[in-house]
Amino acid sequence: MTTTAPLGTEDRTPSPAVPARGRRTALGRIRTGNGLVFVLPFLLVFALFMVWPIVQGIWMSFTDSSLALRDTHFVGLDNYTEAFGDPDVWSSLGNTLFFTVVSSVPLVVVALAMALLVHSGLAGQWAWRLSFFAPYLLPVTVVTMIWTWLYQPELGMANQLLDTFGIAPVGWLSDESVAMWSVAALTVWWTVGFNFLLYFAALQSLPTTFDEAAALDGAGAWRRLWSITLPQLRRTTGLVAMLQVLASLKVFDQIYILTKGGPNGSTRPVLEYVYDVGFTGYRLGYASAVSYLFFALIVLVSLVQLRLFRRED
């Protein structure tokens with residue numbers, strides 16, 4: 001005869017509990033596994049098109065790899081030694097640094113002035129925003145074609161404007177002392193819209209309480225600009241300056257299309273020299289060495305900029 005236990009007297013022996021630490025570890029593994037499933041496609045593409053070319057380029061810089069020869073030999077540091085003694089490397093580096101200076105400064109100052117102008121409540125703001133940012137949307141080929149016409153020696157608008165004031169025509173792209181300035185002017189007109197957008201967004205996010213309090217205390221517009229607005233834009237200015245310097249150091253497209261490094265190499269940047277050596281001179285190994293030396297310079301400049309901005313903060 002089977003007997004049943006009274007209601008409420010069932011066996012309540014507790015089952016062995018899983019430690020909380022073990023549960024967290026298992027949950028973390030599940031989340032990591034799920035994350036890897038989503039990240040893996042990107043990692044594969046990144047390794048294929050970024051990591052592998054970088055590794056291959058570093059190895060190539062230690063060889064005499066050439067488009068004209070099938071056999072490749074390990075040459076050690078010979079390419080790097082040659083690069084340090086190559087006057088063309090130093091001249092192209094000088095051109096790059098000069099372009100960086102003459103283009104980065106106005107690209108920061110002019111962008112800030114444009115953003116302040118629009119932020120001041122100027123009538124027809126949508127038209128100003130469109131006109132300031134629209135050139136940035138143009139492809140480099142269109143931009144260089146427009147400015148090639150402007151710089152045309154006889155029929156270009158630049159020389160016609162000078163002739164109106166009785167000034168002799170200028171060889172904008174044929175004079176060695178003027179060509180790089182001409183490229184810098186093109187670059188400022190073309191890319192200043194992006195920096196303007198960063199500054200304008202920063203100005204719109206600034207609190208108005210400090211400016212209003214200073215105005216009530218009798219501070220003028222210039223005083224409020226120098227003592228209140230510009231200090232609050234320090235981080236944005238640091239960001240714009242860093243991005244602009246890095247972009248100017250990597251200049252290639254507009255110079256190659258506009259002047260091809262001329263006249264007499266006065267506008268040839270480092271990246272164009274790497275292109276000429278690698279794909280015109282067929283010396284891929286040497287071109288790789290020069291490019292990685294330049295890459296090291298860019299990393300050094302970036303670290304210096306970050307250190308300076310941290311000190312300011």
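Quantities reported herein were computed from a predicted structural model and do not represent experimental measurements.
- Of all heavy-atom pairs between Phe165 and Leu161, the closest is CD1-O, 3.2 Å.
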What pairs of donor and acceptor atoms, side-chain ones from residues 139-148 against any protein atom, are under 3.5 angstrom apart with sequence neighbours left out?
unit_1: Thr144; atom_1: OG1; unit_2: Val140; atom_2: O; d: 2.9
unit_1: Thr144; atom_1: OG1; unit_2: Thr141; atom_2: O; d: 3.0
unit_1: Thr148; atom_1: OG1; unit_2: Thr144; atom_2: O; d: 2.6

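- Val274 and Val301 fall within a single hydrophobic cluster, where Ile, Leu, Val, Met, Phe, Trp and Tyr side chains are chained together by heavy-atom contacts under 4.5 Å.
- Residues Leu249 and Leu97 form a side-chain contact, since some pair of their non-hydrogen atoms from C-beta on lies under 4.5 Å apart.
- Within the structure, ring pair (Phe, Tyr, Trp, His ring centres under 6.0 Å) pairs that include any residue of residues 87-121 comprise Phe98-Trp181 (at least two apart or interchain).
- Sorted by first and then second residue, the side-chain hydrogen bond (donor to acceptor under 3.5 Å, both in side chains) pairs involving residues 100-118 (not counting sequence neighbours) are Ser103-Ser248, Ser104-Ser248.
- Other members of the cluster containing Trp52 do not exist, because no ILVMFWY side chain is joined to it at under 4.5 Å.
- A ring pair (Phe, Tyr, Trp, His ring centres under 6.0 Å) check over residues 59-78, counting only residues at least two apart or in different chains, returns the pairs Trp59-Phe74, Phe62-Tyr80.
- Between the OG atom of Ser61 and the CG atom of Leu77 there is a distance of 9.0 Å, given to the nearest 0.5 Å.
- For residues 196-215, the pairs satisfying ring pair (Phe, Tyr, Trp, His ring centres under 6.0 Å) are Phe132-Phe196, Phe196-Phe200, with sequence neighbours left out.
- To the nearest 0.5 Å, atoms CG (Leu150) and CG (Leu186) are separated by 9.0 Å.
- Atom CG in Leu239 sits 15.0 Å away from atom CZ in Arg234 (nearest 0.5 Å).
- Of the N and O atoms on the side chains of Tyr273 and Asp86, at least one donor lies less than 3.5 Å from an acceptor on the other residue.
- No donor-acceptor pair under 3.5 Å is formed between the side chain of Trp189 and the backbone N or O of Ala184.
- In this structure, OG1 in Thr96 is found 9.0 Å from CG in Leu297, a value given to the nearest 0.5 Å.
- The two residues Pro231 and Ser227 have their closest heavy-atom pair at CG-O, 3.5 Å.
- In this structure, Tyr292 and Phe295 have perpendicular ring planes: the angle between them is above 60°, well past the 30° mark.
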When you look at Lys260 and Ile255, which way does the side-chain contact (heavy atoms from CB on, under 4.5 Å) test go after all the steps? CA-CA 6 Å; Lys260 288 186 171 55; Ile255 291 182; over 6 Å; no
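- Heavy atoms from other residues, nucleotides or ligands lying under 6.0 Å from CD of Glu154 number 12 at most.
- Of all heavy-atom pairs spanning Ser66 and Tyr282, the tightest one is OG-O, 2.8 Å.
- Hydrophobic clustering (ILVMFWY, side-chain heavy atoms < 4.5 Å, transitive): Leu293 and Leu284 are in one cluster.
- Grouping the Ile, Leu, Val, Met, Phe, Trp and Tyr side chains by contacts below 4.5 angstrom, directly or via other members, places Leu197 with Val108.
- Under the side chain to side chain donor-acceptor pair (under 3.5 Å) criterion, Asn159 pairs with Trp172, not counting sequence neighbours.
- Judged by distance alone, the side chains of Thr187 and Gln254 do bring a donor and an acceptor atom under 3.5 Å apart.
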Donor-acceptor pairs are to be reported for all side-chain atoms of residues 263-271 against protein atoms at under 3.5 Å, with residues two or more places apart or in another chain.
unit_1: Asn264; atom_1: ND2; unit_2: Glu176; atom_2: OE2; d: 2.4
unit_1: Ser266; atom_1: OG; unit_2: Pro263; atom_2: O; d: 2.8
unit_1: Thr267; atom_1: OG1; unit_2: Thr259; atom_2: OG1; d: 2.8
unit_1: Thr267; atom_1: OG1; unit_2: Gly261; atom_2: O; d: 3.3
unit_1: Thr267; atom_1: OG1; unit_2: Gly262; atom_2: N; d: 3.4
unit_1: Thr267; atom_1: OG1; unit_2: Gly262; atom_2: O; d: 2.6

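- Of all the heavy atoms in Val89 and Ser92, the pair that sits closest is O-OG, 2.9 Å.
- For Arg224, the salt bridge (charged side-chain N to carboxylate O under 4.0 Å, His left out) partners at least two apart in sequence or on another chain are Asp211.
- Residues in residues 282-303 take part in these salt bridge (Lys or Arg N to Asp or Glu O under 4.0 Å) pairs, two or more places apart or across chains: Glu82-Arg283.
- Note on Leu43 and Val51: same hydrophobic cluster, where clusters join Ile, Leu, Val, Met, Phe, Trp and Tyr whose side-chain heavy atoms are under 4.5 Å apart, directly or indirectly.
- For Val105, the side-chain contact (heavy atoms from CB on, under 4.5 Å) partners are Val109, not counting sequence neighbours.
- Each of Asn79, Thr72, Asp78 was scored for a side chain to side chain contact (heavy atoms under 4.5 Å, CB included) with Thr63, with one residue passing: Thr72.
- Take Pro106 and apply the side-chain contact (heavy atoms from CB on, under 4.5 Å) test, not counting sequence neighbours, and it matches Val110, Val188.
- Contact check for Leu112 versus Val240: no side-chain heavy atoms found under the 4.5 Å cut-off.
- Looking at Leu233 and Leu206, their side chains come closer than 4.5 Å, going by heavy atoms from C-beta outward.
- In terms of modelled atom types and a separation under 3.5 Å, the side chain of Thr280 and the main chain of Val277 share no donor-acceptor contact.
- Here the CZ-NZ distance, from Phe294 to Lys250, works out to 9.0 Å after rounding to the nearest 0.5 Å.
- Criterion: ILVMFWY side-chain heavy atoms under 4.5 Å apart, direct or through other members. Under it, Ile167 and Leu173 are part of a common hydrophobic cluster.
- Between the CG atom in Asn95 and the CD atom in Glu272 there is a gap of 9.5 Å [rounded to 0.5 Å].
- Side-chain contact between Ser302 and Ile298 is present, with at least one heavy-atom pair separated by less than 4.5 Å.
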